[in-house]
Amino acid sequence: MRLAYITLPPSLGGHRKVTVAHAVVQRTLPSARLARARFVPSPRRPDDDHARPEEPYLVTVLRGVFAHDRRPALWPARLAPPRAFMPRLPIVLGLRLFPRPGGAEALSLTRALADLSTETRAAFVLCSVYGLPADAAVDLLKAAGAKDADGAVRDCRAFEADAGGTVRTLALSEEFDACVLQATPTDLLRRRHRTRLALVACLAGLLTGAMLLAQLAPAPDPVATPALPAAASGLRAAELIRVGADQWDNTARIDFTAWPARGSRVNDEELLNRALSTWSRPGPDARVVTATATSPAPPPSAPQLLYAGEVDGHAVVLLYDGQRLARYREDPRSQGRARLDVARVDDADVTTAAAVTLSSGGSGARYLIAPWVAEVQTRDLLHPDVLATALHTHKDGVTEPVPFTSGRETGCARRPVLQLRSSARIAERHAFLLAGLGDLSPVHLTYTPLPGHRTPPPRQPREATGTTALVAWSHQACTLSDLRDTDTRAVNAWEFAEQDLPDGGSRAVWTCLRESSWRGPGAVTVTLRVAGDGPKAPARPVSRVPSTALCSRFGQHIVAGTAWRSPRGNWYALAAGSRAVTSLTVTGDVTARTSARTVAVRAPKRPQFEVNAHLATGGRMRGVMDEN
């Protein structure tokens, strides 16, 4: 079953692949009986490899899989092969069957396998999953009718080298087991719609036959055809939720629920129905892209319409179901092909619901701005001394293109961001920064200043629009390119310590970059900014900690250390802690202890050491160390 399910073409879809795999395997036992007198596999011994069935069954399964989508000669390419139309057991009515969903690694393997040929996928199961030698796999593929068995095995080995050593474990998991399934009902309204259509078709056939018989009769009587009732359907454009233009000014909940329906095609029912149909049941020409940990399931009820219009030659529809945003885009030049992007936006607020990416073209990204935004500007994070410039926004809330955030490979030449200001009816002069990084929702940038300097203990990050915040972000801006398409909700730059460096090394600032995702977990990157590196030099990365509570309200303390070379060529072990640190202890290639929150100890070249701290709360904390 696993061999058939993985080898079948991904274009069949999950439910169809499951049923076809079962049909192929159910026909295997009688076929294998002809090849061997004993067609039921013998009982397995404890030392047998449970992943590898017997080879005659592999050949017969592969023959059935290879023959499934093989078209006869002169058969039109646009039509499915005749075998696909033949009803075969099992026949599943009223249910959709899928293997149990897996995590991000299983999804990545599924996408990678979809790019391989059918014969290469078969070779992957034979070699990687069943552990057959290459020559045995080639013989099996040839016996099953493969056209290029040697090439398939070579491509399989190359795929294994690129994918890593965990692919066999993933392929043996329940995500690729077509015998351990979950069942979901089909669209009940659409099922009713099809049932009524079938009844209407039967009735029309009976009426047509009656009319033909009446015409053949010697004295025909006119037959009156009754009017047929309209068939029921699923979610339709008329059911979409539409909010008034002044809703945001009359509610205490400022998020996507307060967005009105905007755009030139909000009344185009055909476009809206196509968008709803794609979200509810994507067709073969629709590409569905979901953010990390986001379900592509249909909306539980009628979603809210946020936008429908033309953007850069594409028809765009933006929908919101209370937890997720769905952006439907179709290009009239692509003959009906469409793309649906779905992303989580639960618990969005006045800042994270202030803009949505509508399009990403060669000239940049266009955003749909929230109705409560009174001022739209852009600025370059790498130039904090340059004032923000106004960004033209159309009356329907769509901005002019904003250039993309360039990658590090281009030398970090620019970091354009949106600077928005809320209406005074919500908050007095509330300005904030949003960085578009490829996701539907731009990333909210915030800042927490250094302790001391007459600033109270930090409770919540503040907006990164002040002079000090902009200067701090100018040194961190180049790291934003690493966050493209990562489902990041907000990034806070917390400058938790400053330190005087020896040997004329000027002054250094330690920063903790906290990346918070929409799904909950967050990652931390600690950087060191040395004044001697220059006013616009990128901060030096010290360490990165994935999936941690550090630098958040649930992890308000941090200690970090790194090796540093002074301008005179001497090496030092540097360490620093946040406000609550009362002492630091350095061990390893160098040892030191201090009651201060920072320490710099002369050390051998590229020292290896650890840092531990005592906190004012009485606890102890281990430092985040240099990755090198």
Side-chain angles (χ1 to χ4, degrees), residues 233-280 286 298-332 338-360 365-374 376 391-400 418 420 422-423 425-426 434 436 439-442:
S233 62
L235 291 176
R236 310 300 296 173
E239 302 175 22
L240 288 173
I241 299 174
R242 300 169 186 253
V243 174
D246 59 345
Q247 176 73 20
W248 66 272
D249 194 23
N250 295 280
T251 181
R253 180 178 176 180
I254 306 298
D255 56 14
F256 289 111
T257 60
W259 277 43
R262 291 175 288 177
S264 59
R265 301 182 67 174
V266 292
N267 296 319
D268 188 340
E269 292 193 359
E270 292 185 359
L271 172 62
L272 299 179
N273 285 331
R274 289 197 299 271
L276 286 170
S277 176
T278 301
W279 194 359
S280 300
S301 59
Q304 179 180 343
L305 176 62
L306 305 184
Y307 180 85
E310 296 286 337
V311 182
D312 294 334
H314 293 74
V316 179
V317 177
L318 189 63
L319 303 171
Y320 172 64
D321 72 345
Q323 297 289 328
R324 299 168 297 169
L325 280 178
R327 182 185 64 191
Y328 172 82
R329 298 176 70 240
E330 62 181 21
D331 187 352
R339 169 170 173 158
L340 183 74
D341 294 87
V342 185
R344 291 179 58 172
V345 289
D346 40 324
D347 295 329
D349 54 23
V350 65
T351 56
T352 52
V356 175
T357 306
L358 284 187
S359 70
S360 300
R366 291 183 185 267
Y367 300 94
L368 181 64
I369 304 300
W372 58 80
V373 174
V376 183
L391 178 64
H392 177 67
T393 305
H394 299 276
K395 62 180 182 179
D396 58 358
V398 181
T399 68
E400 290 296 309
L418 292 173
L420 309 180
S422 300
S423 170
R425 287 178 283 181
I426 294 179
L434 298 178
D439 293 313
L440 282 182
S441 297

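Just so it is clear, the model here is predicted, and its values are computed rather than measured.
Under a 3.5 Å cut-off, the side chain of W279 and the backbone N or O of L340 do not form any donor-acceptor pair. Between the side chain of T352 and the backbone N or O of A348 there is no donor-acceptor pair closer than 3.5 Å.
Atom CG in L305 sits 5.5 Å away from atom CG in L272 (nearest 0.5 Å). Put simply, CG on L319 and CD1 on I241 are 10.5 Å apart, with the number rounded to the nearest 0.5 Å. A distance of 4.5 Å separates CZ in R329 from NE2 in H314, rounded to the nearest 0.5 Å. Interatomic distance, I369 CD1 to L391 CG, rounded to the nearest 0.5 Å: 7.5 Å.
Shown here for D396 and G263, the closest heavy-atom pair between the two residues is CB-N, 4.2 Å. Heavy-atom minimum distance, P303 versus L276: CG-CD2, 3.8 Å. Of all heavy-atom pairs between N273 and A237, the closest is OD1-N, 2.8 Å. Nearest approach of P299 to L235, heavy atoms of both residues: CG-CD1, 4.1 Å. When every heavy atom of P442 is checked against every heavy atom of L434, the shortest pair comes out as CB-CB, 3.8 Å. Annotation for A261 and V266: closest pair C-CG1, 4.1 Å, computed over non-hydrogen atoms.
For D249, the side-chain contact (heavy atoms from CB on, under 4.5 Å) test picks out R425, with sequence neighbours left out. In this structure, the side chain to side chain donor-acceptor pair (under 3.5 Å) partners of T257, at least two apart in sequence or on a different chain, are D255. In terms of the side-chain contact (heavy atoms from CB on, under 4.5 Å) criterion, residue partners of A365 (sequence neighbours excluded) are, by chain and number, T357, S360, Y367, F404. Checked against side chain to side chain donor-acceptor pair (under 3.5 Å), R242 has no partners two or more places apart in sequence or in another chain. With sequence neighbours left out, the side-chain contact (heavy atoms from CB on, under 4.5 Å) criterion links P371 to W248, W259, P260, R262. Considering only residues two or more places apart in sequence or on other chains, S422 meets the side chain to side chain donor-acceptor pair (under 3.5 Å) condition with none of them. The side chain to side chain donor-acceptor pair (under 3.5 Å) test applied to D346 returns R344, not counting sequence neighbours.
The only option from L440, L368, T399 that meets the side chain to side chain contact (heavy atoms under 4.5 Å, CB included) definition with L358 turns out to be L368.
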Subject >> side-chain contact (heavy atoms from CB on, under 4.5 Å) evaluation trace for V316 with S359 >> reply: CA-CA 8 Å; V316 179; S359 70; 5.6 Å; no

Subject >> Derivation and outcome, side-chain contact (heavy atoms from CB on, under 4.5 Å), residues D341 and R339 >> reply: CA-CA 7 Å; D341 294 87; R339 169 170 173 158; 2.9 Å; yes

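Within the structure, every pair that satisfies the salt bridge (charged side-chain N to carboxylate O under 4.0 Å, His left out) test and touches residues 298-313, not counting sequence neighbours, is listed here: R265-E310, D312-R366. The side chain to side chain donor-acceptor pair (under 3.5 Å) analysis of residues 316-326, with sequence neighbours excluded, yields the pairs D321-R324. Here salt bridge (charged side-chain N to carboxylate O under 4.0 Å, His left out) pairs that include residues 269-278, with residues two or more places apart or in two chains, are R274-E330.
Defined by atom type and a distance below 3.5 Å, a donor-acceptor pair is present between the side-chain atoms of T351 and D349.
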